[in-house]
Amino acid sequence: MSKPYDAIVLGLGAMGSATVYQLAKRGRPVLGIDQFAPPHRMGSTHGDTRITRLAIGEGEEYVPLVMRSHELWREIEQATGRDLLTITGGLIMASQRSRSKMHGSSTFLQTTIAAAEKYHIAHELLDTRQIRQRFPQFQLVGDEQGYYEYHAGFVRPERCIEAQLALAEQHGATLQTNERVLEYRPTSDGVIVTTAQGSYTAEKLVISAGAWITHLLEPELARFFTIYRQVLYWFAASDIAPILPGRFPIYIWEREDSNIYGFPAIDGPAGGVKVATEQYAVSTTPESVDRAVSSEETRQMYAAHVARFLPGLSETCVKAIACLYTTTPDGSFVLDTHPRHPHIIIASPCSGHGFKHSAAIGEALAQVVIDGTSQIDLSSFSFLRFPG
């Protein structure tokens with residue numbers, strides 16, 4: 001059995017890589033374990049870009065996390081010389097006839113505006129005419145209201161994970177990849193983790209295993225997490241200039257019966273323009289999910305969500321990939337100590353809207369490991385909010 005660590009982190013994606021880095025940065029002996037070699041395409045943190053916005057329509061409780069994450073991304077950029085965070089401006093639009101929910105919120109636009117006003121986040125409110133004048137790249141339905149945020153943009157998830165894992169190793173962290181966890185066992189003063197290669201002991205265990213969290217929790221806790229397959233598409237543009245960063249923002253568009261979101265053409269004509277929607281009708285597992293994207297899926301995506309609304313994009317799909325959302329019943333996070341085991345901390349995959357917060361979540365979890373509490377309030381993300 002190896003020497004004990006202050007903490008073991010299971011899963012080195014968005015939350016895990018940030019947690020390992022923040023613990024190592026503070027000089028703590030930490031072991032990170034992942035069954036794959038992050039960054040990879042098996043989970044939830046791939047696909048070139050993730051939206052980041054300061055006013056959070058899912059709830060005001062998220063705003064301190066994303067504001068701190070922006071600070072941390074800049075610090076990591078300085079430390080590594082890597083380009084991680086790009087500010088493009090962000091446009092959130094909602095049709096007045098929209099009946100859909102965005103990450104569990106039926107008041108997404110209104111909550112976004114309220115959060116911006118509370119935290120003094122620079123923004124503008126736009127009516128349909130103003131959106132059309134400013135962003136003719138969108139073909140509007142005709143009754144949209146808009147919120148434009150100056151400091152919204154995107155982060156590069158694969159680069160963020162690579163940068164934090166590299167910094168973690170520089171600060172002394174031990175990282176073991178392509179190593180599958182078989183079990184973990186709480187003890188009176190810590191945790192023992194057994195993998196296919198060996199056993200390790202630590203005072204604390206952080207479970208940040210993405211869609212595999214359901215394999216690592218008891219059934220009474222695993223039942224709060226459901227996994228959904230999502231697909232990301234990149235369509236070619238007939239004229240790339242209007243969709244380049246600087247002229248085209250990241251956007252979220254709540255329409256009458258569905259939502260879409262997307263990005264500018266960050267890699268020029270060859271890279272295509274990323275557009276996606278979300279589905280919560282069919283659940284899956286990380287083992288059974290269909291990771292291939294069919295030509296029929298692509299055709300339906302273009303016909304239903306692209307052709308009418310983004311006329312500058314062609315039906316030519318440059319690429320498409322599947323990823324996983326792991327969601328809770330209310331679409332919010334779980335960042336909490338295990339209800340029965342005080343040495344175990346659970347960091348859920350965060351219902352499809354977690355990456356923008358992940359740098360600060362890693363810092364907060366490191367504080368919980370070391371000090372028993374975090375500077376940012378995590379009480380909204382407790383298991384206790386769920387019945388039973």
Side-chain angles (χ1 to χ4, degrees), residues 1-21 23-24 28-46 161 164-165 168-169 172-227 229 283-289 291 323-326 328 334-350 362 365-366 368-369 383:
M1 186 174 295
S2 66
K3 67 178 182 180
Y5 296 88
D6 279 14
I8 297 173
V9 179
L10 301 186
L12 298 176
M15 311 305 163
S17 62
T19 303
V20 165
Y21 163 54
L23 284 166
R28 299 296 172 137
V30 57
L31 168 65
I33 303 174
D34 198 288
Q35 64 179 323
F36 304 111
H40 54 76
R41 290 191 168 195
M42 302 301 289
S44 305
T45 52
H46 57 283
I161 291 170
Q164 289 175 107
L165 292 180
E169 286 193 300
T174 302
L175 304 181
Q176 295 181 197
T177 58
N178 296 308
E179 184 166 348
R180 187 168 62 88
V181 171
L182 302 178
E183 65 174 4
Y184 61 87
R185 180 166 56 88
T187 65
S188 59
D189 59 354
V191 181
I192 299 173
V193 174
T194 302
T195 74
Q197 279 73 33
S199 293
Y200 313 93
T201 62
E203 295 179 13
K204 298 284 186 180
L205 173 66
V206 178
I207 300 177
S208 54
W212 289 265
I213 196 168
T214 57
H215 300 355
L216 296 171
L217 296 179
E218 303 89 332
E220 61 267 28
L221 297 181
R223 66 189 175 94
F224 295 121
F225 302 94
T226 305
I227 302 162
R229 174 182 180 266
S283 62
T284 187
T285 70
E287 293 79 21
S288 64
V289 63
R291 299 186 184 278
C323 73
L324 300 173
Y325 278 9
T326 306
T328 62
V334 170
L335 304 169
D336 197 6
T337 300
H338 191 292
R340 293 197 304 274
H341 304 304
H343 298 287
I344 298 174
I345 300 163
I346 298 167
S348 86
C350 300
L365 295 178
V368 172
V369 168
F383 271 118

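Keep in mind the model is a prediction, meaning the values are calculated, not measured. Note that the numbering runs from 1 along the sequence shown for the chain. Hydrogens, waters and symmetry mates are skipped; everything else that's a heavy atom, side chains included, is used.
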Side chains of [X] and [Y]: does their closest heavy-atom pair fall under 4.5 Å?
{"X": "Leu175", "Y": "Val20", "answer": "yes"}
{"X": "Glu203", "Y": "Arg28", "answer": "no"}
{"X": "Ile227", "Y": "Ser283", "answer": "no"}
{"X": "Asp6", "Y": "Leu23", "answer": "no"}
{"X": "His46", "Y": "Cys323", "answer": "yes"}
{"X": "Trp212", "Y": "Val181", "answer": "no"}
{"X": "Pro186", "Y": "Ile344", "answer": "yes"}
{"X": "Thr328", "Y": "Phe225", "answer": "yes"}

Which distance, rounded to the nearest 0.5 Å, do you find between the [atom1] of [X] and the [atom2] of [Y]?
{"X": "Met42", "Y": "Leu324", "atom1": "CE", "atom2": "CG", "result": "8.5 Å"}
{"X": "Thr174", "Y": "Glu169", "atom1": "OG1", "atom2": "CD", "result": "8.5 Å"}
{"X": "Leu10", "Y": "Leu205", "atom1": "CG", "atom2": "CG", "result": "4.5 Å"}
{"X": "Gln197", "Y": "Asn178", "atom1": "CD", "atom2": "CG", "result": "9.0 Å"}
{"X": "Ile345", "Y": "His343", "atom1": "CD1", "atom2": "NE2", "result": "10.5 Å"}

Can you check whether [Y]'s main-chain N or O pairs, donor with acceptor, with [X]'s side chain at less than 3.5 Å?
{"X": "Ser348", "Y": "Val334", "result": "yes"}
{"X": "Tyr184", "Y": "Leu216", "result": "yes"}
{"X": "Thr19", "Y": "Met15", "result": "yes"}
{"X": "Ser208", "Y": "Gly11", "result": "yes"}
{"X": "Asp34", "Y": "Leu12", "result": "yes"}

> In chain order, what residues pass the side chain to side chain donor-acceptor pair (under 3.5 Å) check against Thr226, with sequence neighbours excluded?
Replying inline: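 Checked Thr226 against side chain to side chain donor-acceptor pair (under 3.5 Å); zero matches.
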Any idea which heavy atoms bring [X] and [Y] closest together, and the distance?
{"X": "Arg229", "Y": "Thr284", "result": "N-CG2, 3.8 Å"}
{"X": "Pro38", "Y": "Ile161", "result": "CB-CG2, 4.1 Å"}
{"X": "Ala24", "Y": "Ala168", "result": "CB-O, 3.6 Å"}
{"X": "His338", "Y": "Ile346", "result": "CD2-CD1, 4.0 Å"}
{"X": "Glu179", "Y": "Gly198", "result": "OE2-N, 4.4 Å"}
{"X": "Thr194", "Y": "Ser199", "result": "OG1-OG, 3.3 Å"}

>> With a sphere of 6.0 Å drawn around CZ of Arg291, does it hold more than 12 non-hydrogen atoms of other residues, nucleotides or ligands?
In response: yes
> Does any pair with a residue in residues 204-224 pass salt bridge (Lys or Arg N to Asp or Glu O under 4.0 Å), and if so which ones, sequence neighbours excluded?
Replying inline: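 Every salt bridge (Lys or Arg N to Asp or Glu O under 4.0 Å) pair that includes a residue of residues 204-224, provided the two are not neighbours, is Glu218-Arg340, Glu220-Arg340.
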> Hey, mind stepping through Phe224 and Leu217 against side chain to side chain contact (heavy atoms under 4.5 Å, CB included) and telling me if it holds?
Replying inline: CA-CA 10 Å; Phe224 295 121; Leu217 296 179; over 6 Å; no
